[in-house]
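One structure is given here, and the rest of the page talks about it.
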Protein chains: 2
Amino acid sequence: MRLTAKSEYGLLAMIDLACREGAGPVSARAISERQAIPAKFLEQLFVALRQAGLVSAVRGARGGFALDRPAETITVLDVVEALEGPLRTTVCDGERAAACGKGKACAAAGVWERATSAVRTVFGATTLAELADTQQEFEVSADVPTEAAGGS
Amino acid sequence: MRLTAKSEYGLLAMIDLACREGAGPVSARAISERQAIPAKFLEQLFVALRQAGLVSAVRGARGGFALDRPAETITVLDVVEALEGPLRTTVCDGERAAACGKGKACAAAGVWERATSAVRTVFGATTLAELADTQQEFEVSADVPTEAAGGS
DNA sequence: CTCAATCCCTACTGATTCAGTATGGTTTCT
DNA sequence: AGAAACCATACTGAATCAGTAGGGATTGAG
Ligand code: FES
Ligand code: FES
């Protein structure tokens with residue numbers, strides 16, 4: 001259960017896409033500039049997101065990415081697991097659990113599992129549609145329409 | 001919000017102590033052997049646990065550690081934060097949040113905060129007393145009294 | 001057709017963190 | 001005196017992370 005910059009950048013990119021649902025494909029370069037994400041790093045994230053079936057890509061000039069499903073049906077959990085792999089407990093798990101000799105008889109393991117499960121619930125209950133809404137409200141109330149209106 | 005071996009080992013050690021509450025001090029060596037934790041690594045953890053006020057130490061021969069408060073009043077959150085530092089969000093936080101230019105107007109940040117908060121709730125609601133209970137039930141039902149009875 | 005834009009994919013690297021070890025010191029019981 | 005135990009810091013090999021590099025494949029525009 002470890003969150004890295006992949007999740008941060010990846011979720012920002014997906015929110016950006018959700019804010020433009022319906023319009024044509026959005027290029028990685030555009031997102032990279034709006035969200036201040038290193039361009040080549042973002043490209044790698046999109047490879048994973050596409051392989052997970054969350055976005056579809058249009059290649060060639062004027063190409064880009066778009067959500068492959070309605071934003072209401074994509075959760076943060078989908079995005080995070082596409083980028084970081086299955087959300088699993090990092091302690092009392094796997095080989096170490098076999099090595100400690102306790103097997104299933106470990107009170108600590110239950111705590112870690114409940115914590116992971118709680119995170120999974122939060123992530124699974126939050127959709128891109130909600131986040132896009134929240135983000136756009138932020139940008140309307142502020143004077144800095146980074147997301148909705150084209151800057152220069 | 002990252003959990004490392006410190007938390008795993010530290011919690012195991014604290015559960016071990018909670019199982020022997022009331023008896024005299026327990027040496028780090030004994031815990032290290034029962035829980036299969038590298039001895040010198042465990043010593044470091046106890047330094048942190050003592051500085052956090054969770055355990056008290058008795059120095060010298062026949063010395064050891066004991067819980068400094070009743071097991072009912074020590075939560076997993078106390079243990080984890082003593083060992084890993086404050087449980088904080090690892091994305092959209094600190095310097096990076098300042099650098100991204102969004103400040104408070106970031107929809108993603110809310111998700112990470114809710115996830116961290118959920119973990120904090122789970123950890124804060126679980127006491128060592130409960131875990132010691134659970135662990136001792138495990139050991140009674142199984143034939144392997146690692147925790148309660150002294151092996152040889 | 002040619003070319004630029006864009007996606008696609010793998011490999012590499014410097015920095016950081018982790019897990020564990022090493023070393024030596026201090027305190028206290030026997 | 002000596003052993004047992006806690007105290008504290010420094011060091012190291014391995015793994016992971018964040019980001020870069022380089023090239024290849026596909027497509028629209030002129
Ligand atoms: S599963 Fe091995 S110590 Fe918890
Ligand atoms: S706070 Fe900066 S991107 Fe979320």
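So you know, we letter chains A, B, ... as the sequences are listed, proteins then strands, and number each from 1. All values below come from the heavy atoms of this structure, side chains included, with hydrogens, waters and symmetry mates left out.
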Contacts of B:Arg50 that satisfy side chain to side chain donor-acceptor pair (under 3.5 Å) - sequence neighbours left out: none
B:Arg88 CZ: over 12 foreign heavy atoms closer than 6.0 Å: no
Interatomic distance where CD1 belongs to B:Ile37 and C1' belongs to C:dT21 [whole Å]: 16 Å
Length of the CZ-P vector between B:Phe46 and C:dT26, whole Å: 23 Å
Spacing between B:Glu43 atom CD and C:dG25 atom P, to the nearest angstrom: 16 Å
Residues within residues 56-65 of chain B bordering DNA chain D, heavy-atom distance below 4.0 Å: B:Ala57, B:Val58, B:Arg59, B:Gly60, B:Ala61, B:Gly63, B:Gly64, B:Phe65
Contact list for residues 122-137 of chain B, test salt bridge (Lys or Arg N to Asp or Glu O under 4.0 Å), sequence neighbours left out: none
Shortest side-chain distance from B:Pro38, nucleotide among D:dT20, C:dG20, C:dC9: C:dG20
Partners passing side-chain contact (heavy atoms from CB on, under 4.5 Å) against A:Arg62 (at least two apart in sequence or in another chain): none
Selection residues 36-47 of chain A - residue pairs positive for side-chain hydrogen bond (donor to acceptor under 3.5 Å, both in side chains), sequence neighbours left out: none
Spacing of B:Leu17 atom CG relative to D:dC6 atom P, expressed in whole Å: 10 Å
Counterpart residues, side chain to side chain donor-acceptor pair (under 3.5 Å), relative to A:Thr134 (two or more places apart): none
Which residues share a side-chain contact (heavy atoms from CB on, under 4.5 Å) with A:Ala129, sequence neighbours left out: A:Ala71, A:Glu72, A:Thr127
Value in whole Å for how far the P atom of C:dA19 lies from CG of B:Leu3: 10 Å
d(CD, B:Glu8; C1', C:dG20) in whole Å: 15 Å
Nucleotide nearest A:Ser27 when distance is taken to its side chain, options C:dC7, D:dA5, D:dA18: C:dC7
B/S/- contact track for nucleotides 9-16 of chain D, protein heavy atom under 4.0 Å: -------S
Nearest-angstrom distance from the residue atom CG of B:Leu45 to C1' of D:dA8: 14 Å
A:Val122 vs B:Ser117, side chain to side chain contact (heavy atoms under 4.5 Å, CB included): CA-CA, chis, key distance, verdict: CA-CA 10 Å; A:Val122 170; B:Ser117 175; over 6 Å; no
Criterion side chain to side chain contact (heavy atoms under 4.5 Å, CB included) on B:Lys102 and A:Leu12, from CA distance to verdict: CA-CA 11 Å; B:Lys102 293 192 176 179; A:Leu12 288 173; 3.6 Å; yes
Residue pairs, two or more places apart or on separate chains, that pass ring-ring contact (aromatic ring centres under 6.0 Å, His included) and touch residues 18-52 of chain A: A:Tyr9-A:Phe41, A:Phe46-A:Phe65
Residues forming a side chain to side chain donor-acceptor pair (under 3.5 Å) with B:Thr75, sequence neighbours excluded: B:Asp78
Nearest to side-chain heavy atoms of B:Ala5, which nucleotide of C:dA19, D:dT20, D:dC7: C:dA19
Residues from residues 80-88 of chain A lying under 4.0 Å of DNA chain C - heavy atoms: none
Any residue meeting side chain to side chain donor-acceptor pair (under 3.5 Å) with A:Thr4, in chain and number order, not counting sequence neighbours: A:Glu84
Distance test, side-chain N/O of B:Tyr9 to OP1/OP2 of C:dG20, below 4.0 Å: yes
Protein-nucleotide distance (B:Arg50, atom CZ; D:dA5, atom C1'), rounded to Å: 13 Å
5′-ward residue of the pair A:Lys6/B:Ala28 relative to DNA chain D: B:Ala28
